Each structure stands twice: as C-alpha cells, then as structure tokens.
J.: 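First the structure, then my questions, so here it is.
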Amino acid sequence: MPSKLLSPAELLDTAVTLAHGAGAILLEGLTYIRAGNHAHVRYKSSPGDVVTEYDQRSEAFIVSELRRRYPDHAIVGEEGGAYDPQAAETQPPRYEWQIDPLDGTTNFSHGFGLFCVSIGLLIDGIPVLGAVYNPAADELYAAAHGLGATCNGKPIHVSRVNSLQQALLITGFPYDYAHNPRNNLRAFDAFNRRCQAVRRIGSAALDLCFVAAGQIDGYWEANVKAYDIAAGIAIVREAGGLVTDSAGEDAMLSRGEIVASNGLLQPAMLDVLREVHLSEAAHVVMR
Ligand code: IPD
Ligand code: CA
Ligand code: CA
C-alpha cells in the first residue's frame, strides 16, 4: 500500500513530540541514577557498551507511538524495535524512521548529562528530518528539509571558521576500540596536531547538533550506525553544513562513517582522513 503523502512540518511535529516524551523517560532515569541507583541491564559488545532499562523504555514508547500514527512506515530502533510493514515486498520502504532511544548510554549510566534521544526519518533512503533532545540540558534540536534547523525553536547555523588551525573538532571511538585496527586513534592524532583541539563526549547525535549550532566546527567518526546519525545529518544540512563519508561521497549510512562540518572545513578534513587511510594501508602492508 503506498504511503500517504505527509507534510515535513507534520512529520517534524511528531518527531519533536516523541523526542520530548522519550526525554521525560530518560530524565526520570537520570534522577534515579543521580540518587545513587543502578539502571544498568546488560553489556552488549564490550564492558563500555551497556544497555539500561531506560534505553528500552524510551524505544518502546517511540516505536509504539510511531506504529500507531504511521502503521505503513518502517522503523529501525537500536534496541531491536525493528518494524517493516512492507518486508514481504521487493521495494525498500518509502518512509523509514531511524531511532536511537538513548544516544550516550555510557554517560547516562554514570549520571553524566550529555546524552539524548535521536529520531531521524529517511524518505527514499535520504535523511530528511531529525529531532534530537537532550533532556538534562532541556535542548531540543530539530530540522526538516526546507524548514531550517532550530534549537528550542530558535534558528541555528554552522560556524564560519575556515581554517583547521582555528577549528574545534569532535569525534568518537568505537566500542571495540581495543581490537579494531581502525579504531580512530591515528585520525585523532592527525587532527589533534592540526586543529585547535579535538573533543570526545560520547554521543554522535549531539556531536552533529553541536556542529549544526556552530559550537563545534567539524565532526568525524567511523563505525557508526544509521540510527546514530540519521537525525543529526538532516539537522547539520539544514543548518548550512556539509555531511559526507570519508571519501567525500554520500554513503554515510551504508559505510557507517561520517564527516560533518560547516562546509568550509570539509576539504581539509577529507584530506587529513585520506592521508590517515593511506598510512593505515601502508602499515598493514608492512606488517
Ligand atoms: C554511541 C555514541 C558514541 C559513539 C558510538 C555510539 P550509544 O552510541 O553515539 O558517541 O562514539 O559509536 O555507538 O551506544 O551511546 O547509543
Ligand atoms: Ca548511539
Ligand atoms: Ca543508543
């Protein structure tokens, strides 16, 4: 059955409402944890990769609301809330929601307030809309194609820094850092030598929103999933920034890697990553 055509404003309104609703669940969890309680449920890939009951409750809330409102949309949720009403059909779904119910779980599980809910929408595979809510800071970032990007309703824009030397960058490291030969350490070192500073806060969705808001000039990361970055990509683009993979192409979601910036820094960031990849390849050949 073809999906009913929905306006970007209507879809964004849903994403914002659900991000606020899920954020309230996470805020309840933060209060519980800050009172000295443990919300930890289990480890996933490594001791740094935890899931809490709040990841699960947040996702259950978002998925059930989306299914009620848009029964013909596909949904991918990090904690297993996948739903594809067209799975039996050959065509990929027109509308696909990408949900990270708690991005920055490690921070959250320590009571550290840098985490968020991230709700992104792909239309025909392209990230067109996103709502990212950090309930601890009460900051809601939102954007939809053609409508601009906002933080708590106020327009945001990427920075104007045009040299790497003056840039503040942000990145992340994979959970399998100890065993992954492409664990981002070489790139981190290469950027750290060339820019003003590199930060790592542990939430890919917030990293992208900080670029959109012009507080951070550029972000790169590998080993990310579509639900980590779909919302943030739409927000950075609507804030005037550029988002590609490390080859400068548009395959962020399928390759699981991303470079986002104010646009002015994109060529320099891609150059650094190209250099790093070449030196990594040479290193592998020499071993
Ligand atoms: C993680 C965060 C982190 C990034 C990891 C993600 P999670 O998500 O976004 O910043 O470096 O790649 O997996 O596990 O907290 O939802
Ligand atoms: Ca995540
Ligand atoms: Ca998560």
Side-chain angles (χ1 to χ4, degrees), residues 7-13 15-16 19-20 23 98 100 103-104 114-123 126-172 191 194-201 203-221 224 228-246 248 250 252-253 258-272:
S7 79
E10 185 185 336
L11 291 160
L12 186 59
D13 196 49
V16 166
H20 271 137
Q98 287 283 343
D100 193 336
D103 187 51
L114 283 169
F115 59 85
C116 62
V117 180
S118 178
I119 301 179
L121 176 65
L122 313 183
I123 299 186
I126 299 167
V128 292
L129 173 159
V132 172
Y133 182 49
N134 174 353
D138 191 21
E139 283 181 342
L140 186 289
Y141 297 89
H145 185 60
L147 299 182
T150 57
C151 178
N152 290 348
K154 297 201 179 82
I156 51 173
H157 205 272
V158 293
S159 74
R160 293 196 171 86
V161 171
N162 62 6
S163 89
L164 217 43
Q165 255 181 351
Q166 283 158 9
L168 180 60
L169 303 183
I170 201 159
T171 190
F191 278 116
R194 288 169 171 87
C195 70
Q196 211 165 56
V198 183
R199 301 291 180 239
R200 188 274 162 104
I201 62 158
S203 166
L206 285 181
D207 293 343
L208 284 161
C209 292
F210 295 143
V211 172
Q215 295 161 14
I216 297 279
D217 306 304
Y219 159 68
W220 85 94
E221 186 163 358
V224 285
D228 294 312
I229 56 175
I233 291 172
I235 296 171
V236 170
R237 285 180 169 163
E238 279 300 305
L242 214 60
V243 187
T244 67
D245 59 28
S246 71
D250 201 27
M252 298 82 62
L253 302 182
I258 181 162
V259 185
S261 76
N262 60 11
L264 302 170
L265 296 173
Q266 199 79 358
M269 289 186 71
L270 294 177
D271 279 351
V272 171

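Note that the coordinates shown come from a computational prediction; the quantities given were computed from them, not determined experimentally.
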J.: Do you know the tightest heavy-atom contact between Ala234 and Gly130?
T.: CB-N, 4.0 Å
J.: Side-chain contact, heavy-atom cut-off 4.5 Å: Leu164 with Val272?
T.: yes
J.: Can you find a heavy atom in the side chain of Ile170 that is under 4.5 Å from one in the side chain of Val198?
T.: no
J.: Between Arg199 and Asp217, does at least one N-O distance fall below 4.0 Å, as a salt bridge requires?
T.: no
J.: With a 4.5 Å cut-off on side-chain heavy atoms, are Leu140 and Val132 touching?
T.: no
J.: Any heavy-atom pair between the side chains of Ile201 and Leu206 that's under 4.5 Å?
T.: yes
J.: When rounded to the nearest 0.5 angstrom, what is the spacing between CZ in Arg200 and OG1 in Thr171?
T.: 8.0 Å
J.: Are Val224 and Glu221 side-chain neighbours, meaning at least one heavy-atom pair lies under 4.5 Å?
T.: yes
J.: Calculate, to the nearest 0.5 Å, the distance between atoms CG and CG belonging to Leu208 and Asp103 respectively.
T.: 9.5 Å
J.: Can you give me the closest heavy-atom contact between Gly263 and Leu242, atom names plus distance?
T.: CA-CB, 3.8 Å
J.: Quick check: closest heavy atoms across Ser203 and Leu114, and the distance to 0.1 Å?
T.: CB-O, 4.3 Å
J.: State the CZ-CD distance between Phe210 and Glu139, to the nearest 0.5 angstrom.
T.: 6.5 Å
J.: Considering non-hydrogen atoms only, spot the tightest contact between Gly23 and Pro135 and give its length.
T.: O-CB, 3.4 Å
J.: With side chains defined as the heavy atoms from C-beta onward, is the minimum distance between Glu238 and Thr150 less than 4.5 Å?
T.: no
J.: side-chain contact (heavy atoms from CB on, under 4.5 Å) with Leu129: which of Leu12, Ile119, Leu147?
T.: Leu12
J.: Where is the tightest heavy-atom contact between Val211 and Val158, given as atom of each residue plus distance?
T.: O-CG1, 3.5 Å
J.: Return the SG to NE2 distance between Cys151 and His157, rounded to the nearest 0.5 Å.
T.: 15.0 Å
J.: Could you please spell out the steps behind the side chain to side chain contact (heavy atoms under 4.5 Å, CB included) verdict for Ile258 and Val243?
T.: CA-CA 7 Å; Ile258 181 162; Val243 187; 3.6 Å; yes
J.: Go through it in stages, so that I can follow the logic: the residues are Leu270 and Val259, the test is side chain to side chain contact (heavy atoms under 4.5 Å, CB included), and I'd like the CA-CA distance, side-chain angles, deciding distance and then a yes or no.
T.: CA-CA 8 Å; Leu270 294 177; Val259 185; 4.0 Å; yes
J.: Look at atom CZ of Arg160 and say whether more than 12 heavy atoms of other residues, nucleotides or ligands are closer to it than 6.0 Å.
T.: no
J.: Indicate whether any N or O donor in one side chain lies under 3.5 Å from an N or O acceptor in the other, for Asp138 and Tyr133.
T.: yes
J.: Using side chain to side chain contact (heavy atoms under 4.5 Å, CB included), reason through Asp207 and Ile216 one step at a time and then give a plain yes or no.
T.: CA-CA 8 Å; Asp207 293 343; Ile216 297 279; over 6 Å; no
J.: Are Leu121 and Gln98 side-chain neighbours, meaning at least one heavy-atom pair lies under 4.5 Å?
T.: no
J.: Roughly how far apart are Thr244 OG1 and Ile233 CD1, rounded to 0.5 Å?
T.: 10.0 Å
J.: Mark yes when over 12 heavy atoms from residues, nucleotides or ligands other than His145 sit less than 6.0 Å from its NE2; otherwise mark no.
T.: no
J.: Give a yes-or-no answer on whether the side chains of Ser261 and Gln266 include a donor-acceptor pair shorter than 3.5 Å.
T.: yes
J.: If you round to the nearest 0.5 Å, how far is CG of Asn262 from CE of Met269?
T.: 9.5 Å
J.: Would you please classify the geometry between the Phe191 ring and the Trp220 ring as parallel, tilted or perpendicular, with 30° and 60° separating the classes?
T.: tilted
J.: Taking all heavy atoms of Ala205 and all of Cys116, pick out the closest pair and write down the distance.
T.: CB-SG, 3.7 Å
